[in-house]
Amino acid sequence: MPLFIRQNCNFYTHRKTARLQAIIGDAALWLPPRWWSYAAEHQPDGNFEKYFAPELAHLLNYQGNPHQMVEALIQSGFADADPLRIHDWEDYNGYHKAFSERGKKVATA
């Protein structure tokens, strides 16, 4: 079953994207959607507290400084710091967590 993420139509003109772009450049135009897509498939609760910055950068194919990437996501408002998680994931894409939990229950039944 294909997975989909919700992305606001104003993503490319939003101030968060502008902030992120000021810090890390044009990677800001693809990094958050790639992170959201990864989360939908592999981390459906949007919580990345157990991920190291270099690991996350590798998984998202970010070629710059991994620690700067994570800090930029936090500073721009795309991420919450403690614990590291996607900001407002539950509000926009929280259904991935519900689907994942339902799938685990079905698999064990």
Side-chain angles (χ1 to χ4, degrees):
M1 179 173 129
L3 295 175
F4 298 92
I5 58 167
R6 292 185 179 137
Q7 176 177 310
N8 198 313
C9 292
N10 73 351
F11 168 77
Y12 295 100
T13 58
H14 197 278
R15 62 188 165 98
K16 285 183 183 181
T17 308
R19 285 181 193 157
L20 187 60
Q21 193 170 18
I23 301 169
I24 64 170
D26 286 341
L29 301 176
W30 60 262
L31 185 61
R34 189 169 186 131
W35 190 26
W36 302 331
S37 296
Y38 179 87
E41 192 170 4
H42 302 285
Q43 202 64 40
D45 62 357
N47 187 319
F48 286 83
E49 68 183 322
K50 294 182 180 177
Y51 286 69
F52 297 107
E55 174 186 24
L56 188 56
H58 175 76
L59 292 169
L60 300 178
N61 200 30
Y62 181 74
Q63 301 299 311
N65 182 305
H67 299 284
Q68 182 186 19
M69 176 198 77
V70 171
E71 189 59 34
L73 288 166
I74 293 167
Q75 287 178 5
S76 62
F78 283 109
D80 297 328
D82 194 22
L84 179 62
R85 64 179 174 221
I86 299 173
H87 181 73
D88 285 344
W89 179 255
E90 291 281 332
D91 294 340
Y92 295 99
N93 287 291
Y95 60 92
H96 288 292
K97 180 180 176 184
F99 287 164
S100 175
E101 289 171 354
R102 187 181 323 154
K104 288 176 185 174
K105 287 179 184 176
V106 168
T108 57

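Computed over heavy atoms, backbone and side chain alike; hydrogens, waters and symmetry mates excluded.
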Check Ile5 against Pro33 and note the closest heavy-atom contact, atom names and distance. CD1-O, 3.8 Å
Please find out if less than 6.0 Å separates the ring center of Phe78 from that of Trp35. no
Kindly compute the distance separating CG (Asp80) from CD1 (Ile86), expressed to the nearest 0.5 Å. 10.0 Å
Can you confirm if the aromatic rings of Phe11 and Trp36 lie within a centre distance of less than 6.0 Å? yes
Provide the closest heavy-atom pair for Lys16 versus Gly77 in the form atom of the first, atom of the second, distance. NZ-O, 3.2 Å
Quick one: does Arg34's side chain get under 4.5 Å of Asn61's, heavy atoms only? yes
What distance separates Gln75 CD from Leu20 CG, expressed to the nearest 0.5 Å? 9.5 Å
Examine Phe52 and Val70 and state if one hydrophobic cluster contains both, with Ile, Leu, Val, Met, Phe, Trp and Tyr joined whenever side-chain heavy atoms are less than 4.5 Å apart. no
Nearest 0.5 Å, please: how far is CD in Glu49 from CG in Asp82? 8.5 Å
Would you give the length of the straight line joining atom NE2 of His14 to atom CD of Gln21, rounded to the nearest 0.5 angstrom? 14.0 Å
Tell me, do Trp89 and Phe48 make a side-chain contact under 4.5 Å, heavy atoms counted? no
To the nearest 0.5 Å, atom CG of Asn10 lies from atom CZ of Arg15 at 10.0 Å
Which heavy atom of Pro32 sits nearest to which heavy atom of Leu73, and what is that distance? CG-CD2, 4.5 Å
For the residue pair His42 and Leu59, establish whether any side-chain heavy-atom pair is separated by less than 4.5 Å. no
Closest approach of His67 to Ala53 (non-hydrogen atoms, all atoms of both residues): ND1-CB, 3.5 Å
So does Gln68 get a backbone contact from the side chain of Asn65, meaning a donor-acceptor N/O pair under 3.5 Å? yes
Which heavy atom of Leu56 sits nearest a heavy atom of Tyr51, and at what distance? CD1-CD2, 4.3 Å
Over all heavy atoms of both residues, which pair between Leu60 and Leu31 is shortest? Give the atoms and the distance, please. CD1-CD1, 3.8 Å
Could you give the distance from CZ (Arg6) to CG (Asp91), rounded to the nearest 0.5 Å? 10.5 Å
Donor-acceptor under 3.5 Å (Thr17 side chain, Thr13 main chain): no
